[in-house]
Amino acid sequence: MGESGERRTATATERRFLEPFRGEALDVPPIWLMRQAGRYLPEYRATRAEAGGFLKLCYTPALAAEVTLQPIRRYGFDAAILFSDILVVPDALGQGVRFVEGEGPRLDPIRSSADLAQLDPDKTAEKFGLVSETVARLRQDLPTETALIGFCGAPWTVATYMVQGQGSPDQAEARLWAYRDPDGFGQLIEMLVETSITYLDQQVKAGADCLQIFDTWAGSLPDDEFDRWVVAPTRAIREAIKDLHPDVPVIGFPRGAGATAVWYVSETGVDGIGCDTATPPFVMSEAFEDEDVVVQGNLDPLLLVAGGSRLDERVDEILDLMRGKRFIFNLGHGIVPQTPPEHVAQLVKRVRARS
Ligand code: 1CP
């Protein structure tokens, strides 16, 4: 094989993770897990300590690539997900983001159009460049058969942190701004749409072969607001990426969308739908039948903590219902820190034992 461009095309066809997106229903579905890199792994805790801070870890390509590879070495997942965070986008835009040990993220809140003027999309190049460097390293270091997922937070979910200044149970500050001043809030969403397109485009150019848009707080909005702040921005990102990279699938994860998930799929045009823990497996198997979409999900992350025969039984139930479908096995939300690593091994073994 000659040029590296040819080589990439040839090897990409060997990545079984991508086959459901090409129309194949596999007997043994591809598997990866949200937050597959993280604190439940001792080697992650060691690398994080070496980095000296969470954002430093995200912005040090050698270390971010290392923690991305750790779960691949242990479990041989079909896809790796770039190690970074959805809050890298506000950080790169110039809103100070800190991670307080044991408390989660803290940001200087943005609550008005005047506050928005402090953000600068032209500033993102340096930090996005470091993330792209991680992606490029990963494409070199990953096994050929392992797909690489890039990601961003959906504009709505990222905005909830930017406006609240931290995580919150109800996303009240963002929801109130959106009601009181939809044009001002819309400017923030528009900035996030444009910045996310740039960010994802760079990740694909650096070697990502699939993208996921995390909308963790999609479920906190009533239908009309869901349309405006979840569906429309996601569709804009999806369309832009399709124009730039027609062969790169985009998975949407509108956590908590419930009955509006089917609407989300048909209106955004995503290629994959991540189902959350509350979605009944029979809904995963039937609700999206009329959509041209790959379904991903949805084991309870706490069942992965509990382990035992309940874990095996539920895995079998999901696999039985999704048999013959274009399906990717995943959790319904991210792995939690108290997960015993051997339970993850048990899960992967159980999924792969199918035929
Ligand atoms: O102390 C630590 O090491 C930090 C823990 C941690 C980790 C491992 C955070 C802080 N982020 C991450 C990595 C991360 N975050 C990934 C890496 C790839 C992977 O292995 O999956 C991804 C995709 C995310 C995405 C992310 N960050 C989301 C969307 C998905 C989800 O879990 O809902 C959200 C909401 C965040 C914000 C965030 N980052 C970190 C925390 C603790 C939080 C949640 C804050 C809150 O709501 O209170």
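Both counts, for ligands and for their atoms, begin at 1 and track the order of listing. One-based numbering along the sequence shown.
Within the listing of ligand 1, atoms 31 (C), 32 (O), 33 (O) sit less than 4.0 angstrom from a heavy atom of His333. If you number the atoms of ligand 1 from 1 as listed, the ones under 4.0 Å from a heavy atom of Tyr44 come out as 2 (C), 3 (O), 8 (C). Annotation for ligand 1: atoms under 4.0 Å from non-hydrogen atoms of Leu82 are 18 (C). For ligand 1, the atoms lying closer than 4.0 Å to a non-hydrogen atom of Thr216 are 29 (C), 30 (C), 31 (C), 33 (O), 35 (C). Atoms of ligand 1 lying under 4.0 Å from any heavy atom of Ile81, numbered from 1 in the order shown and given with element: 18 (C), 19 (C), 20 (O), 21 (O). In summary, the atoms of ligand 1 found under 4.0 Å from a heavy atom of Pro105, numbered by their order in the structure, are 45 (C).
Side-chain contact annotation: Trp229 with Glu225, donor-acceptor N/O pair under 3.5 Å present. At a cut-off of 3.5 Å, with distance as the only test, a side-chain donor of Gln296 or Gln212 sits close to an acceptor on the other residue. Checking Asp215 against Tyr264 by side-chain atom types alone, no donor-acceptor pair falls below 3.5 Å. There is no side-chain donor-acceptor pair under 3.5 Å between Asp108 and Gln95. Inspection of the Trp263 and Asp223 side chains reveals no N or O donor paired with an N or O acceptor under 3.5 Å.
Of all protein heavy atoms, the one closest to atom 6 (C) of ligand 1 is Phe54 CE1, 3.7 Å. The protein heavy-atom contact nearest to atom 25 (C) of ligand 1 is Ile86 CG2, 3.7 Å. With hydrogens left out, the protein atom closest to atom 10 (C) of ligand 1 is Phe99 CE2, 3.4 Å, a heavy atom. Nearest protein heavy-atom neighbour of atom 15 (N) of ligand 1: Asp85 OD1, 3.0 Å. Ranking the protein heavy atoms by distance from atom 24 (C) of ligand 1 puts Arg35 NE, 3.7 Å first. Looking at atom 17 (C) of ligand 1, its nearest protein heavy atom turns out to be Ser84 O, 3.5 Å. Nearest protein neighbour of atom 2 (C) of ligand 1, counting heavy atoms only, is Arg48 NE, 3.0 Å. Nearest non-hydrogen protein atom to atom 47 (O) of ligand 1 is Tyr161 OH, 2.5 Å.
Counting protein heavy atoms under 4.0 angstrom from atom 22 (C) of ligand 1 gives one or more.
Comparing heavy-atom distances from atom 48 (O) of ligand 1 across Gly153, Pro169, Gly167 singles out Gly167 as nearest. Closest to atom 30 (C) of ligand 1 by heavy atom, among Trp32, Phe214, Phe253, is Phe214.
Arg310 meets the side-chain hydrogen bond (donor to acceptor under 3.5 Å, both in side chains) test with no other residue; sequence neighbours excluded.
No option in Thr268, Ile237, Ile241 other than Ile241 meets the side chain to side chain contact (heavy atoms under 4.5 Å, CB included) test with Val250.
Not a single heavy atom of Thr157 sits closer than 4.0 Å to an atom of ligand 1.
Heavy-atom contacts from other residues, nucleotides or ligands closer than 6.0 Å to CD of Glu342 number more than 12. Taking a 6.0 Å sphere around CG of Asp292, one finds it holds 12 or fewer heavy atoms contributed by other residues, nucleotides or ligands. Residue Arg180 places its CZ atom among 12 or fewer non-hydrogen atoms of other residues, nucleotides or ligands, all under 6.0 Å distant.
The residues Glu289 and Lys325 are annotated as salt-bridged, a charged nitrogen and a carboxylate oxygen being separated by less than 4.0 angstrom. Ion pairing between Arg16 and Glu145 fails under the 4.0 Å rule for side-chain N and carboxylate O.
Judged by the 6.0 Å distance and 45° axis criteria, Arg111 is not positioned over the aromatic ring of Trp177.
With a 4.0 Å heavy-atom cut-off, ligand 1 is reached by no atom of Glu101. Counting heavy atoms closer than 4.0 Å to ligand 1, residue Phe151 contributes side-chain atoms (C-beta onward) but none from N, CA, C or O. In Leu57, neither the side chain nor the backbone holds a heavy atom less than 4.0 Å from any atom of ligand 1.
In terms of polar-atom proximity, Ala37 is counted as a contact of ligand 1, with an N or O under 3.5 Å from an N or O of the ligand. At under 3.5 Å, a nitrogen or oxygen of Gln36, whether backbone or side chain, sits near a nitrogen or oxygen of ligand 1.
Pairing each heavy atom of Ala174 with each of Thr160, the nearest pair is CB-CA, 3.9 Å.
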